[in-house]
Amino acid sequence: MPKVTALGRPAEDAAHASVSAKPSPKPSAESAPFWAAANRGELMIQRCVTTGRFFFYPRTYSPLVTGGATEWVTVSGRATLYSYIIDFRPPPAFGPGPNVIAVVELAEGPRMMTNLVGVEPDPEQLPLDMALMVEFDQRGDQAVPVFRPVQGEAQ
Amino acid sequence: MKPGTVAVVGCAESDSLGKIPDHSALQLHVESARNALADAGLGIEDIDGVAATGNFAVEVAHAMGIAPTWIDNTSVGGCSYHLHLRHAAAAITAGMATTVLISHGESGRSQNGAAGYTIEDFSPWGLYELPYGVGGLYSMFTVPVLRFMHDYGVTHEQLASVAVAQRIWAQGNPRALARDPLTVEDVVSSPFIAYPFHRAECCLVTDGGGSVIVTTAERAADLRRPPVYLLGTGEAAESPIISQMADFTSSRAFRASSALAFAQAGLTTSDIDHLMVYDAFAHLPLYALEDLGFVGRGEAAAFIEAGHTRPGGSLPMNTNGGGLSYTHTGMYGMFAMQEAIRQLRGEAAVQVPDVHTSFVQGVGGMFMAAASLIFANTQP
């Protein structure tokens with residue numbers, strides 16, 4: 001488990017220095033179906049059975065109603081760029097160049113943090129609301145969703 | 001708690017702030033606690049409640065020789081001390097405690113006796129944000145601002161003007177760490193830490209401590225310092241991870257905690273003379289001014305740029321220089337509270353004339369939690 005100092009860079013401790021690869025998430029009980037789907041190349045999130053609304057991140061109950069039942073649904077993978085920062089001092093595995101840390105809004109409603117691929121880390125190339133499509137970045141045994149701009153579909 | 005029935009009677013920081021490599025976090029706690037007891041004219045035997053984050057509640061009590069019968073170790077980031085005060089006021093009102101010490105100490109810069117933050121693999125943070133290279137708070141807490149700037153047409157110069165306004169306050173404060181003159185042009189022409197944030201728009205990283213002592217207004221009347229009365233409080237939580245904040249242009253927790261505090265105090269924004277807003281990064285005062293209702297939606301950036309929060313302005317804000325220029329140990333909220341109390345006692349380094357009420361808005365984690373406090377130097 002990496003440590004970060006209060007407000008600065010990742011702590012220069014032995015545990016972090018050994019992290020030369022991008023993190024490979026270890027699925028939790030609540031999120032196992034999400035990560036299994038990612039390994040099949042699918043973006044699967046939960047829908048509240050009562051309200052029909054999607055939510056993210058994976059949870060035991062729908063947070064939209066008391067103790068609400070949930071169902072897993074493979075979604076379109078389409079998203080738009082909601083906000084981002086460009087990190088000019090990324091952790092070693094994400095450097096040495098700037099790393100775009102984005103939050104995207106899925107077509108189905110929920111938002112998630114991600115990285116953008118296939119685009120320069122340049123604000124001129126990153127207009128908010130630009131159209132994106134999911135793809136997957138393999139991290140050891142686990143794939144993680146990342147997003148790529150869809151050419152000619154900027155909104 | 002009825003407004004004005006609980007009061008701060010002791011208030012002090014560690015002897016110095018900034019770079020204190022020979023002091024552990026616990027030493028910064030107890031040094032400020034000793035100073036606050038001396039300020040109040042109280043001894044360890046007078047304290048029956050202790051509040052601090054996590055394990056420090058008991059460690060500080062034991063290190064000081066205090067035997068508390070009321071303990072609060074609420075730990076929700078930098079606004080934890082505001083929640084401690086809120087909880088202490090409730091406990092004192094309920095008769096569960098008489099006189100409570102609230103203590104902060106952090107070796108944020110030197111990391112002497114400091115635990116640091118851990119991102120657990122199994123937490124929402126570890127599962128849904130860590131995989132994308134979030135390396136420090138500067139690369140997470142900052143993520144919402146481009147949406148705020150986009151939706152409200154905020155310019156980079158306006159964001160920079162937050163740092164400039166606070167530097168002007170800091171320049172008159174000998175205890176502020178960053179006092180060099182700073183212009184908007186200086187900020188926007190400097191390198192980015194995390195676009196769109198330049199270094200001066202990110203908080204300092206320092207060592208320091210601060211403590212306050214709170215008791216009943218009745219008891220406060222017999223003590224040596226002018227009481228600073230608590231009129232209203234609020235607390236709220238939103239998401240444990242920044243990506244799940246419901247609206248990147250407004251903090252639900254800011255709105256909820258401030259509404260509770262105003263309602264309890266029976267006051268509105270027009271009754272407030274002085275404002276402290278937790279400013280780990282330059283965008284937080286923009287959110288707070290709007291979410292607390294001091295300005296309308298989309299008006300905060302122009303309000304700050306026009307100088308209204310600077311010395312002589314209509315709403316003096318972050319008058320110690322804030323986390324951007326005064327000090328930021330990691331959980332800065334204690335220092336925002338200290339400055340509000342100094343202003344109400346009339347003993348601030350840069351004293352604002354005619355301050356009778358002060359509003360303190362804290363944030364915890366990254367828009368994870370919030371707390372609001374309203375103080376006054378007279379009983380309502």
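Here is the naming used below: chain letters follow the sequence lines, and residue numbers restart at 1 for every chain.
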Is chain B contacted by the side chain of Pro121(A), its backbone, both, or neither, given a heavy-atom distance below 4.5 Å? neither

Carboxylate-amine/guanidinium proximity below 4.0 Å for Arg111(A) and Asp247(B): no

Answer with side chain, backbone, both or neither: which region of Met245(B) has an atom nearer than 4.5 Å to a non-hydrogen atom of chain A? backbone

Looking at Glu120(A), I want to see if its CD is surrounded by more than 12 non-hydrogen atoms of other residues, nucleotides or ligands under 6.0 Å. no

Do Ser139(B) and Ile85(A) have side chains that approach each other closer than 4.5 Å (heavy atoms only, starting at C-beta)? yes

Just by modelled atom types, is the Tyr82(A) backbone N or O under 3.5 Å from a matching donor or acceptor in the Arg147(B) side chain? yes

Please work out which of the three classes, parallel, tilted or perpendicular, describes the rings of Phe34(A) and Tyr128(B), given edges at 30° and 60°. perpendicular

Taking every heavy-atom pair that is under 4.5 Å apart, which of Ser24(A), Pro58(A), Pro27(A), Pro110(A) has the most such pairs with chain B? Pro58(A)

Take atom CG in Asp141(A); do more than 12 heavy atoms of anything else shown fall under 6.0 Å from it? no

Should we count CZ of Arg139(A) as having more than 12 external heavy atoms under 6.0 Å? yes

Does Arg297(B) CZ have over 12 foreign heavy atoms under 6.0 Å away? yes

Side chain / backbone / both / neither for Asn115(A) at chain B, heavy atoms under 4.5 Å: both

Identify which of Val144(A), Asp87(A), Val103(A) forms the greatest number of heavy-atom pairs closer than 4.5 Å to chain B. Asp87(A)

Do Glu129(B) and Ile101(A) have side chains that get closer than 4.5 Å, going by heavy atoms? no

cation_pi(Arg89(A), Tyr138(B)) dist<6.0 Å, angle<=45: yes

Among Val145(B), Ile193(B), Thr142(B), single out the residue with the greatest number of heavy-atom pairs under 4.5 Å to chain A. Ile193(B)

Counting heavy-atom pairs closer than 4.5 Å to chain A, which one of Phe192(B), Phe197(B), Phe248(B), Phe122(B) comes out on top? Phe248(B)

Pairwise side-chain contact, Met113(A) with Val134(B), heavy-atom cut-off 4.5 Å (strictly under): yes

Is there a side-chain contact between Tyr57(A) and Pro240(B), using heavy atoms and a 4.5 Å cut-off? yes

So what's closer than 4.5 Å to chain A heavy atoms on Pro124(B): side chain, backbone, both or neither? side chain

Heavy-atom side-chain contact between Leu127(B) and Ser28(A) under 4.5 Å: yes

Side chains of Tyr132(B) and Lys22(A): closer than 4.5 Å at any heavy-atom pair? no

Is Phe88(A) close to chain B through its backbone or its side chain, or both, or neither, when contacts mean heavy atoms under 4.5 Å? both

Any heavy-atom pair between the side chains of Tyr195(B) and Pro123(A) that's under 4.5 Å? yes

Which residue out of Gly133(B), Ala194(B), Ser243(B) racks up the most heavy-atom pairs below 4.5 Å with chain A? Gly133(B)

Are the side chains of Tyr84(A) and Leu146(B) in contact, using a 4.5 Å heavy-atom criterion? yes

